[in-house]
Amino acid sequence: MANSVNMSVKLSNIIFKNPILAASGTFGYGFEYQKYLDLNMLGGFIVKGLSVKEKKGNKPPRIVETPCGMLNAIGLQNVGVDRFVNEKLPEIKDLNTHIIANIYGSKEAEFVEIAEKLDLEKAVSAIEVNVSCPNVSKGGALFGKNPDSVFNLTKLIKSSTKKPVIVKLTPNVEDISLIAEAAESAGADAVSLINTITGMVIDIKAKKPFLANKTGGLSGPAIYPVGVRMVYEVYEKINIPIIGVGGIYNSDVAIQYIMAGASLIEIGTANFINPDITVKIIKGMREFLSRENIQSVSDIVGAAHSM
Amino acid sequence: MANSVNMSVKLSNIIFKNPILAASGTFGYGFEYQKYLDLNMLGGFIVKGLSVKEKKGNKPPRIVETPCGMLNAIGLQNVGVDRFVNEKLPEIKDLNTHIIANIYGSKEAEFVEIAEKLDLEKAVSAIEVNVSCPNVSKGGALFGKNPDSVFNLTKLIKSSTKKPVIVKLTPNVEDISLIAEAAESAGADAVSLINTITGMVIDIKAKKPFLANKTGGLSGPAIYPVGVRMVYEVYEKINIPIIGVGGIYNSDVAIQYIMAGASLIEIGTANFINPDITVKIIKGMREFLSRENIQSVSDIVGAAHSM
Amino acid sequence: MELKILENIEIASNIYSLKIDNPALFDVVPGQFFMVKINGFDYPLLRRPFSVASFEDDHIGIIYKVVGEGTKILSDKKPGDFIDLLGPLGNGFGDVEKDKKILLVGGGIGIAPFIYLKNVLENDYKISYKAFFGFNTKDEIYIDFGEIATIDGSYGFEGNVVDMVENEIDNNSLIFACGPTIMLKRLAYLCYEKNCDMQVSLESRMACGIGVCLGCVIETNDKDFKRVCVDGPVFDYKDIAWQTL
Amino acid sequence: MELKILENIEIASNIYSLKIDNPALFDVVPGQFFMVKINGFDYPLLRRPFSVASFEDDHIGIIYKVVGEGTKILSDKKPGDFIDLLGPLGNGFGDVEKDKKILLVGGGIGIAPFIYLKNVLENDYKISYKAFFGFNTKDEIYIDFGEIATIDGSYGFEGNVVDMVENEIDNNSLIFACGPTIMLKRLAYLCYEKNCDMQVSLESRMACGIGVCLGCVIETNDKDFKRVCVDGPVFDYKDIAWQTL
Ligand SMILES: Cc1cc2nc3c(=O)[nH]c(=O)nc-3n(C[C@H](O)[C@H](O)[C@H](O)COP(=O)(O)OP(=O)(O)OC[C@H]3O[C@@H](n4cnc5c(N)ncnc54)[C@H](O)[C@@H]3O)c2cc1C
Ligand SMILES: Cc1cc2nc3c(=O)[nH]c(=O)nc-3n(C[C@H](O)[C@H](O)[C@H](O)COP(=O)(O)OP(=O)(O)OC[C@H]3O[C@@H](n4cnc5c(N)ncnc54)[C@H](O)[C@@H]3O)c2cc1C
Ligand SMILES: Cc1cc2nc3c(=O)[nH]c(=O)nc-3n(C[C@H](O)[C@H](O)[C@H](O)COP(=O)(O)O)c2cc1C
Ligand SMILES: Cc1cc2nc3c(=O)[nH]c(=O)nc-3n(C[C@H](O)[C@H](O)[C@H](O)COP(=O)(O)O)c2cc1C
Ligand code: FES
Ligand code: FES
């Protein structure tokens, strides 16, 4: 019964078997989760952000818990695009799910270099451009806060790859829809939002910020109302698909994002708490749709706007 | 022993016996809490936002719970400044604590009118200007997002009252310190931050936003890392005192705000959960300071910056 | 007020009876409620409002239905655990006029306060009354008095409690009502028709329960917003703008 | 894995012994740990890492100290409650060379994994060892073997466990160590001096426990960041950049 629900969604030329993706930075390179779930059940997963060269990341402490959330300042520790292609991709390339590469550069040319390299990899379905990382000093969210730089960067990347390009937006702006519009007009195939909200925890014994990086990005259930609101706002302004992310921890919240206007959703921090949460959310969404007699998940994308 | 700690702080010409204030909109007109605590123990309290005329506020539902937080869209329901002065103020005017009036207008002239009326009231120690309410269609946060309008409004209000003027800032901006700087250069005696973060919850059964106002303001423990980060940022940019607010639910978080740079702090949502939380936090702060051999709370204002 | 749990058992399908040590510090009027802190830490964040279902020297009784996360967690509490109550709060049922025909009309979990009201009517007011209660199905029934209607007909009258009580109401009736909004609305229209009196207990999402957050308001006929927590939860049905509910 | 709690009792000042039903689905190496979900809902959000203190057919044992909110809540759990464990995780103690002089050196709650290690050394490896454990005070002692040092001298050697063990260490020693960073650091400098071997179990804040978040890293001597959860928690002390801890 529940299986009769149509969960598939389309983004550009890709068909996802369901709208659930694992979010970048919370799912390693995918295979780490093989022990906990069948990766083929996912719509797809987004690998840890890739830079041109291997990056060491920030000094520890890098994480700290907050009420229903956590701060992280990993600083994009990653193996670099070449080692990703040579060492990691072979382990996951035969999966029957979509692998999306998340990319990051400290200047435009770096983004382009990574995009060009990934363009050659058949196993990579799409590229998510992280212009919103709050935890690196150069590039990162600085790009993502300015509509013009988002426009220029998106255009450049679009011309360096034939793969669909998703621009991942930062919530640390006054009006996120301006940035979404810039991405859309530059030809982005989709936008994903939100990345983490910048926050700080202070170690009152040591009288200094708890994280070595001082600030970190707030993620987890605490932030979901902010993400839903932003997806709702962006949906009223752009026509390309939106991927909703931020604090999703159960299928009800996933559906909130979809009704706010997201075509797909990404699960981040919740993977840390329950490594198989993605498949539980797929199941919960199916059950909801079938209980409510909704035939296809795409029927409710943006449903909360119709009133 | 714990009593030997000096908890008093100065803001402009006012001396507060301790840095704990109750936040506007969460403490009624003060006397509602008389049953639960001795109001004279507080540094002060800030009454519900006042407009020129009585305001009905938004239609219900107005509140909804979120993980470690809540959204509200009260829409500034209040009795108006005249009834406040005639009916509410007499009930609290003889208290031995500071009463701060929070004011709101849909245009500059309204702010000025309220400020002028309150200037005549001896029992009002200071005026907090709410340029950051996300739940009203006119004025509200629209003022608060633009440095120029904050500058102009602050100047006008400063010239309409001799009382200290505190400008309350919205977090829904890209760079809150720009707004804080505008308030400072216009002569504000202090800034308070943060007001609520705009969010949305969707009722997935009804397929529409849960709140009648669609969006609401996120408050409660969930947001404290964002508030601490913003206080930390603003502290590096301005010289007038900062009042920290957002998600404070125990004395540890209150101290985080102070170390981030707040001279005073406001307790909001936590009053709903424990009506006597303000006095518990005063006690907890005293104990911390005495345990750590800190003689005066003002010794640790901004302490997290010294590294 | 941290109080000890004496009992917390399922008494009907998904319906629990929670008995808490009575500290003997206050009195309670039927229809009043407590704001209950579910855990000793800030999750779930807000207190949950529950009416008083019994109030004896040795305990305060609450009857609750598991509907969401808070009540689910509450149902896991064990005797000996402590729980934090704020209250009693709000205005309970009042103004019992002895010459009126008193009817208690309740639906589902909204029947809980009538258990205490029954007690007060019988022992304090020493007044007679009739009670009409509606449930969805037989296995949800948790009371042992009054006439029962079930939607599925598995017990008593088949159908809605309003249908069952309709013929009992005349212009001399004084109804005490509590239950789902849809039921109260139908009752209110009936009362306007029959020109009787009714006191209704309303529900609304609450943050503070003490009148300060202005979150729990409902619209009244004078175009005002009234707070369910301190202006209610029991209202004269004539004051409510039923069309807005 | 939802498993039933069999026992949860205070065995020393603020130190609890938690015994959980063993589902007999896996084996555990001493030094490995579980990520424990404190509540059946998302608060506290993150799982807490705890080492295995005993592993028998009928139970998995954890010994924990109440230090913050999560462990406080854990200490309120009762036998019969269920708790969610992820694991066993990480690399435990390994490479026991029989011709070495084995020393177990632990401090405070860091001694917990040695209870299980003792068992394995005695029953599986059938090897002899010496154990040296440090506590702050007598009332924190929760083990019944090894030589004991207390900082306040209320039991055994007065002072630091490192002071107590110092003369036992020579270049043929193989130390297994776990405890506060400051203790491990002193031990490490001592080991460099005496040119002995040491495996240390390190602690770090963890989000995932399975190697994906990169939150738990420590700096190693090759200027790399290594994950405590999957590259450790047991490391060769020579790999660690001690000056950064
Ligand atoms: C004055 C009053 C008296 C009540 N008396 C009883 C009673 O005696 N027995 C009983 O079972 N229930 C009673 N309720 C309803 C009860 O408060 C809710 O069922 C309960 O809060 C649900 O909490 P939850 O965490 O399980 O649900 P969730 O849906 O997870 O709760 C989320 C939020 O919504 C609020 N909420 C959800 N449903 C309701 C509701 N129907 N009314 C008000 N707030 C709601 C919760 O308080 C919480 O803030 C009463 C409500 C009010 C206002
Ligand atoms: C591999 C490993 C094994 C451990 N084994 C044990 C054990 O057997 N017995 C025991 O009592 N403790 C052990 N600890 C420490 C234990 O994890 C912490 O004491 C516990 O997480 C504190 O949780 P809390 O909620 O009470 O503290 P809080 O301070 O409220 O926790 C806040 C956050 O900080 C983290 N945190 C706090 N202290 C530590 C710490 N010392 N190490 C790692 N994370 C911390 C928590 O996990 C949580 O995410 C171990 C830690 C690690 C990394
Ligand atoms: C530990 C951690 C690492 C992350 N790394 C990346 C990254 O490399 N690239 C990226 O675009 N987003 C990264 N993110 C952001 C997440 O993909 C996601 O946008 C954010 O955490 C909000 O979703 P959540 O609340 O479900 O976690 C990271 C988040 C966390 C918690
Ligand atoms: C129900 C409610 C009503 C509020 N009303 C006002 C108001 O009238 N004026 C104002 O400046 N802030 C108002 N606020 C914002 C609070 O004063 C405070 O800035 C915010 O809630 C963050 O702090 P908290 O997390 O401690 O609640 C209100 C907040 C809540 C929850
Ligand atoms: S619940 Fe706050 S005013 Fe009624
Ligand atoms: S805890 Fe996530 S990588 Fe170690």
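Letters A, B, ... are given to chains in the order of the sequence lines, protein chains preceding strands, and every chain is numbered from 1.
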If one checks every heavy atom of D:L214 against chain A at 4.5 Å, the contacting part turns out to be both

With sequence neighbours left out, the residues meeting side chain to side chain donor-acceptor pair (under 3.5 Å) with D:S75 are none

Of D:G211, D:S204, D:A207, the largest count of non-hydrogen pairs under 4.5 angstrom with chain A goes to D:A207

Note: vs chain A, highest number of non-hydrogen pairs under 4.5 angstrom among D:V212, D:D84, D:D42 is D:V212

d(D:D58 CG, D:L6 CG) to nearest 0.5 Å is 7.5 Å

The reported gap from OH in A:Y33 to CG in A:D276 (rounded to nearest 0.5 angstrom) is 10.0 Å

Pair D:F114 + D:F176: ring centers closer than 6.0 Å: no

Applying a strict 4.5 Å limit to non-hydrogen atoms, the region of A:K59 in contact with chain D is both

Check your understanding: Hey, is the main chain of A:G199 close enough, under 3.5 Å, to the side chain of A:T215 for a donor-acceptor pair?
Key -> no

Discussion item. Looking at A:I273, is its backbone amide N or carbonyl O close enough to the side chain of D:R47 to form a donor-acceptor pair, meaning the two atoms are under 3.5 Å apart?
Written reply: yes

request  = Taking the six-membered ring for Trp and the full ring for Phe, Tyr or His, determine whether the centres of A:Y257 and A:Y224 are under 6.0 Å apart.
outcome  = no

Honestly, the part of A:Y29 sitting under 4.5 Å from a heavy atom of chain D is neither

Query raised in the report: D:F225 ring centre to A:K56 NZ or CZ under 6.0 Å, with the angle to the axis within 45°?
Result: yes

Okay, A:F31 and chain D: the region with an atom under 4.5 Å from a heavy atom over there is neither

Against chain A, residues from residues 12-35 of chain D with at least one heavy atom under 4.5 Å, in numeric order, are none

d(A:L76 CG, A:I103 CD1) to nearest 0.5 Å is 11.5 Å

